[in-house]
Amino acid sequence: MFHKQGSGSTAEATADTALVTAQSGAQTGAASAAVTHGASSNIFQSVGTITAATTYEIREHGIFNASTGGVLLDRSVVTAIAVNTDDIVTWTYQLTVTPGG
């Protein structure tokens with residue numbers, strides 16, 4: 001799983017295929033994104049750490065299946081998070097799946 005962040009503030013939509021304004025270099029790959037169970041076995045959890053390459057405000061986060069391009073699995077708009085170059089942000093993404101479904 002690959003976490004990416006950006007500065008786009010457009011509301012989430014089911015038709016989203018990418019971040020609105022992805023930040024160049026603002027992503028983490030499988031090497032630093034841990035994929036585990038959450039609090040129970042039916043919760044998929046991915047934790048990724050991103051180091052900011054520049055100063056900006058994070059307003060969106062996405063989880064993808066590839067580091068370049070890839071399929072956007074989910075996108076979230078967040079309250080603005082101001083980051084400076086070399087600031088570290090850790091994202092935790094959880095997906096709960098209905099057992100037996």
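Just so it is clear, the model here is predicted, and its values are computed rather than measured.
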With sequence neighbours excluded, what pairs up with E57 under the side chain to side chain donor-acceptor pair (under 3.5 Å) test? R59

Scan for salt bridge (charged side-chain N to carboxylate O under 4.0 Å, His left out) pairs involving residues 83-99, sequence neighbours excluded, and state none if there are none. none

The complete set of salt bridge (charged side-chain N to carboxylate O under 4.0 Å, His left out) pairs with one or both residues in residues 35-50, sequence neighbours excluded, reads none

So do the side chains of [X] and [Y] get within less than 4.5 Å of each other, counting heavy atoms only?
X   : Y   : result
V89 : V83 : yes
T90 : V47 : yes
F2  : N65 : no
M1  : F44 : yes

Taking Q5 for the side chain and Q23 for the main chain, is one N or O donor matched with an acceptor at less than 3.5 Å? no

Please check: side-chain N/O of K4 versus main-chain N/O of S67, any donor-acceptor pairing under 3.5 Å? yes

Please round to the nearest 0.5 Å and tell me the distance separating atom CD1 of I63 and atom CG of L72. 9.5 Å

For residues [X] and [Y], report the shortest heavy-atom separation together with the two atoms involved.
X   : Y   : result
G70 : A66 : CA-CB, 3.7 Å
H3  : S46 : NE2-OG, 2.8 Å
I81 : V78 : CD1-CG2, 4.2 Å
E60 : R75 : OE1-NE, 2.7 Å

Residues F64, V71; criterion side-chain contact (heavy atoms from CB on, under 4.5 Å); working and verdict: CA-CA 5 Å; F64 293 79; V71 175; over 6 Å; no

Any donor-acceptor N or O pair under 3.5 Å, side chains Q45, T92: no

Determine whether the aromatic ring centres of residues H61 and W91 are separated by less than 6.0 angstrom. yes

With a 4.5 Å cut-off on side-chain heavy-atom distances among I, L, V, M, F, W and Y, is there a chain of contacts connecting I43 to L95? no

